[in-house]
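The structure displayed is predicted, hence computed values, not measured ones. Proteins get letters first, then strands, A, B, ... in listed order; numbering begins at 1 in each.
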Amino acid sequence: KEKKKITRELVQTVLARKPKMCSFLEWRDLKIVYKRYASLYFCCAIEDQDNELITLEIIHRYVELLDKYFGSVCELDIIFNFEKAYFILDEFLLGGEVQETSKKNVLKAIEQADLLQESQNEEWGGSSEDIL
Amino acid sequence: MEKNINLRNCQTLNTYVMLTHLRMPAPIRLRELIRTIRTARTQAEEREMIQKECAAIRSSFREEDNTYRCRNVAKLLYMHMLGYPAHFGQLECLKLIASQKFTDKRIGYLGAMLLLDERQDVHLLMTNCIKNDLNHSTQFVQGLALCTLGCMGSSEMCRDLAGEVEKLLKTSNSYLRKKAALCAVHVIRKVPELMEMFLPATKNLLNEKNHGVLHTSVVLLTEMCERSPDMLAHFRKLVPQLVRILKNLIMSGYSPEHDVSGISDPFLQVRILRLLRILGRNDDDSSEAMNDILAQVATNTETSKNVGNAILYETVLTIMDIKSESGLRVLAINILGRFLLNNDKNIRYVALTSLLKTVQTDHNAVQRHRSTIVDCLKDLDVSIKRRAMELSFALVNGNNIRGMMKELLYFLDSCEPEFKADCASGIFLAAEKYAPSKRWHIDTIMRVLTTAGSYVRDDAVPNLIQLITNSVEMHAYTVQRLYKAILGDYSQQPLVQVAAWCIGEYGDLLVSGQCEEEEPIQVTEDEVLDILESVLISNMSTSVTRGYALTAIMKLSTRFTCTVNRIKKVVSIYGSSIDVELQQRAVEYNALFKKYDHMRSALLERMPVMEKVTTNGPTEIVQTNGETEPAPLETKPPPSGPQPTSQANDLLDLLGGNDITPVIPTAPTSKPSSAGGELLDLLGDINLTGAPAAAPAPASVPQISQPPFLLDGLSSQPLFNDIAAGIPSITAYSKNGLKIEFTFERSNTNPSVTVITIQASNSTELDMTDFVFQAAVPKTFQLQLLSPSSSIVPAFNTGTITQVIKVLNPQKQQLRMRIKLTYNHKGSAMQDLAEVNNFPPQSWQ
């Protein structure tokens, strides 16, 4: 419930920003860094001592990863494959920190994990598309 | 061969499974559900679909269906993302985690991270599964376990599994090693005592070639150094190695794997710079060792894209924080100066933030960029404007006050309402410190009052009044300007309050046309009373303002000659006012006319020049004197003699060694006169005559202008003649339109006491009434809460409630506070509890 409230409040605040404004805003005792891609906003909350500009790069790196994985990612890709978006995020960040700085390595890990999933599902009869 | 047999068995098994489910239709697919939900045209329609599907999922869970469990949980997660409750899936996640299938584990762990947290006891059941999976033969399963633990592991889980994590930190598998490092960071954050056990594993972390491991290792080292001074000392020896790694990154050629816009692994560079900052802080040798590389990064990094600037930014922060040589510091500030001119507003924002941090230590260097900073006041972005404003105030000094004030006043005129209060306060402070002349000072105050009069903070009013009182030669000019200002418009309360007070004090100067500074205006006594009465009647006037007006009218009874009867009439009317405050005043003033007429002229004498207890920090104190009296400088004649005696005695007691005869600023000063002796024994030293208090009060009678802390039980010294400067304020609470800010004051001679002034403001469109602020602190502290200035937080940030908290912290422990707020808002009773944890270190160290 608290999460819902936070999400709602944050969404309202970010959507209220005009295009000419900078990508950072203060919210509670955190800094929010957001970047807009077409109709999607990617928001990231960081602490006082974190570097806002590199956070922008982190957001961009994540979007690049999604783009490579889905092939020209669009909003619908993320909606219909949200669990994969999470899996990719979990290979890029862990506990709020970057775990892998090489785009290639992140994508390789995802690929291999997907393969593992596929091969296991085939063993049991059926593809992963049948499972989920 | 074997594989084929297995497949056949599985197929048979699968068929069997499918047959048993023939009667029950398979649960709808995830993507199908998503598609269906998205066709809903109304919120109600969507809710209906969700409820239907949840019911289906619930019965599916009840049947312990293994095949489709992950599908059902995945759907539940989607619905959870939309905001619907999904708690009934928590146990199912655990079952998925325990499954042998990778798909199940993936969804199960994801579900655990999204649905579970340490508040549900259920999460502890995961511990064993995670333990097993940390030792799984497949690295991706191990990865899932590490990820989940590092994301939402509770302290108990961390304690149980820290050993496993430590093991994996030493593995040669870089895929797992990097995850283990970040998992260790989380463990340390949750259970700091476990930090020691990871120390051995950190030995050759930096020898890795793999960037992922390097990056996470640097993060782990950073975390350890930040938390433990011993670790910090231990890891200082890594500085040369870090410098080498950084150098390689910069000097090495193009590396496609890590390249971002021509820069090699900016993420790693930034993290190394940050670790260097922590290691070099307060340490000359380390700082020297990193000097060259910092200069290199600062000069060689490409600045055309954000990524280069991100590195420069981190470099600047590091240079400013370590013991760098002055050349390097100047280089850093110049980089910030260049940032200010960058087209990218993000860069400008970051520059302003950094300059704000350095303005205290490198003041002159920052001054060079003053004009650029002032230009940023005109920026469109709110955050940039705010920082530019704060920085501008920090840069104001005696040399640039005139020019800066022009810009700041212009800014005050045109800025958003949320800034006006802070800007006004800042202008007052700056004007007070650096005013080139009294006339300029008064003019500046007037300008602020008339342009942003309704945003001026409540505490500014007594400050201004005191200022005006002390500008003796400007009285006539001031009262004339104030009178003219409110003639046109008496809706801005602070302006009206100050004006009313001045008119009450100096009304005689006004009607006698004595102004030297400008053309004196022709005003009659009746006209003056007209305006004061209008203020009294007006619906726009607050109760406080009315109090000022009534008292002003009363004072004029000794300054005016022809209209005393009119004044008497007004006063008697308000004797039956509904407003209790006004009524009391009116009744007392009436008494003054009737029974105590002989004392009237003495009681309503002109206020003498007051000496102010100087503050030298950017924080402002609001001192309430323990009464709910919002206008502490109001003259309030006591209804009977003995009362001021006892008040004065209290003051004497508290002021300890000072052998001054104190004057209670809330009481009028009295002339030793024949009667009313009981009032005057204490005030005998003051030699007041009917003349305006141009004759300064003799030096042996310094009077406290600000109402003193009558209830100061913690220190018997006169408070805050030596204030520790510059403790940053914090926003302690901000929710539902209610914002509470804490400003701090500490005395250098009594550092165990921290005085916190809270200011509560309300940005909603309705007042918050019956506002009560309560606070609690841990047992090692002592707390004293003084009375608040009022119990109403007016809407639209038009005013604040201020209240003073005194905290005794003899053990210099980290300040923490729990606050409870109760108030009425929009017809309902509101209550909230919150914890304040963001006290700046300067407030308690």
Step by step, would you call A:Lys31 with A:Asp50 a side chain to side chain contact (heavy atoms under 4.5 Å, CB included)? CA-CA 9 Å; A:Lys31 299 192 274 197; A:Asp50 295 323; 5.5 Å; no

Working note: B:Asn309 + B:Leu312, criterion side chain to side chain contact (heavy atoms under 4.5 Å, CB included); need CA distance, chi angles, decisive distance, verdict. CA-CA 5 Å; B:Asn309 288 320; B:Leu312 277 180; 4.1 Å; yes

Let me see the working for B:Lys75 and B:Ile28 under side chain to side chain contact (heavy atoms under 4.5 Å, CB included), right down to the final yes or no. CA-CA 9 Å; B:Lys75 287 187 288 186; B:Ile28 131 176; 4.2 Å; yes

What's the verdict on side chain to side chain contact (heavy atoms under 4.5 Å, CB included) for B:Arg106 and B:Cys70, showing C-alpha distance, side-chain angles and the deciding distance? CA-CA 9 Å; B:Arg106 256 184 151 181; B:Cys70 69; over 6 Å; no

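Proximity to chain A (any heavy atom under 4.5 Å) is shown, for B:Leu114, by both the backbone and the side chain. For chain A, the nearby parts of B:Asn306 are the backbone and the side chain; heavy atoms of each come within less than 4.5 Å. Interface residue A:Ile58: backbone and side-chain heavy atoms are both found under 4.5 Å from chain B. Only the side chain of A:Asp29 comes within contact range of chain B, with at least one heavy atom under 4.5 Å from a heavy atom of that chain. At a 4.5 Å heavy-atom cutoff, the contact between B:Tyr175 and chain A is made by side-chain atoms alone. Within the 4.5 angstrom heavy-atom criterion, atoms from both the backbone and the side chain of B:Lys179 approach chain A. Contact of B:Lys735 with chain A is made through the side chain alone, with heavy-atom distances under 4.5 Å. For chain A, the nearby part of B:Val350 is the side chain; its heavy atoms alone come within less than 4.5 Å. Heavy-atom distances place the side chain of B:Met81, and not its backbone, under 4.5 Å from chain A. Only the side chain of B:Thr138 comes within less than 4.5 Å of a heavy atom in chain A; its backbone stays farther off. The contact between B:Arg38 and chain A is made entirely by side chain atoms (from C-beta outward), counting heavy-atom distances below 4.5 Å. Heavy-atom distances place no part of B:Glu32 under 4.5 Å from chain A, backbone and side chain included. Neither the backbone nor the side chain of A:Arg8 comes within less than 4.5 Å of any heavy atom in chain B. Using a 4.5 Å cut-off between heavy atoms, B:Ser383 touches chain A through its side chain atoms alone. Of the two parts of A:Gln49, the backbone and the side chain both hold a non-hydrogen atom closer than 4.5 Å to a non-hydrogen atom of chain B. In this structure, chain B has a heavy atom under 4.5 Å from the side chain of A:Lys3, while its backbone stays farther away. Only the side chain of B:His80 comes within contact range of chain A, judged by heavy atoms closer than 4.5 Å. For chain B, the nearby part of A:Lys5 is the side chain; its heavy atoms alone come within less than 4.5 Å.
By the 4.5 Å heavy-atom criterion applied to side chains, B:Ile278 and B:Asp321 are not counted as neighbours. Side chains of B:Lys105 and B:Phe140 form no contact here, defined as non-hydrogen atoms less than 4.5 Å apart. For the pair A:Glu83 and A:Leu132, the minimum side-chain heavy-atom distance is below 4.5 Å. A:Glu97 has its side chain out of reach of B:Thr216: every pair of non-hydrogen atoms, C-beta onward, lies at least 4.5 Å apart. The shortest distance between side-chain heavy atoms of B:Lys178 and B:His215 does not fall below 4.5 Å. In this structure, A:Asn81 and B:Arg31 have side chains that are in contact, with non-hydrogen atoms separated by less than 4.5 Å.
When B:Leu268, B:Leu110, B:Asn838 are compared by the number of non-hydrogen pairs under 4.5 Å with chain A, B:Leu110 comes out ahead. Looking only at heavy-atom pairs under 4.5 Å with chain B, the residue among A:Glu26, A:Arg17, A:Lys104 that has the most is A:Glu26. Most heavy-atom pairs under 4.5 Å with chain B, from the set A:Ile79, A:Val106, A:Val33: that is A:Ile79. Ranked by heavy-atom pairs shorter than 4.5 Å toward chain B, the options A:Gln112, A:Gln99, A:Glu100 are led by A:Gln99. When each of B:Ile730, B:Val260, B:Leu30, B:Leu182 is checked for heavy-atom pairs under 4.5 Å with chain A, B:Leu182 comes out on top. Ranking B:Val307, B:Leu146, B:Val185 against chain A, the residue ahead of the rest is B:Val307, based on heavy-atom pairs under 4.5 Å. Chain A forms the most heavy-atom pairs under 4.5 Å with one residue out of B:Tyr109, B:Tyr78, B:Phe102, and that residue is B:Phe102. Chain B forms the most heavy-atom pairs under 4.5 Å with one residue out of A:Glu64, A:Glu91, A:Lys103, and that residue is A:Glu91. Among B:Cys147, B:Cys151, B:Pro256, B:Gly150, the residue making the largest number of heavy-atom pairs under 4.5 Å with chain A is B:Cys147. When the candidates B:Lys739, B:Glu314, B:His186 are compared by the number of heavy-atom contacts under 4.5 Å with chain A, B:Glu314 comes out ahead.
Under the 30°/60° scheme for interplanar angles, the aromatic rings of A:Phe42 and A:Tyr62 are found to stand perpendicular.
Using a 4.0 Å cut-off between a side-chain N of Lys or Arg and a carboxylate O of Asp or Glu, B:Arg348 and B:Asp379 qualify as a salt bridge.
Looking at A:Asn121 and B:Thr103, their side chains do bring a donor and an acceptor atom within 3.5 Å of each other. Of the N and O atoms on the side chains of A:Glu75 and A:Tyr37, not one donor lies less than 3.5 Å from an acceptor on the other residue. Side-chain atoms of B:Arg69 and B:Asn66 include a donor-acceptor pair closer than 3.5 Å.
Counting non-hydrogen atoms of neighbouring residues, nucleotides and ligands closer than 6.0 angstrom, the NZ atom of A:Lys4 reaches no more than 12 such neighbours.
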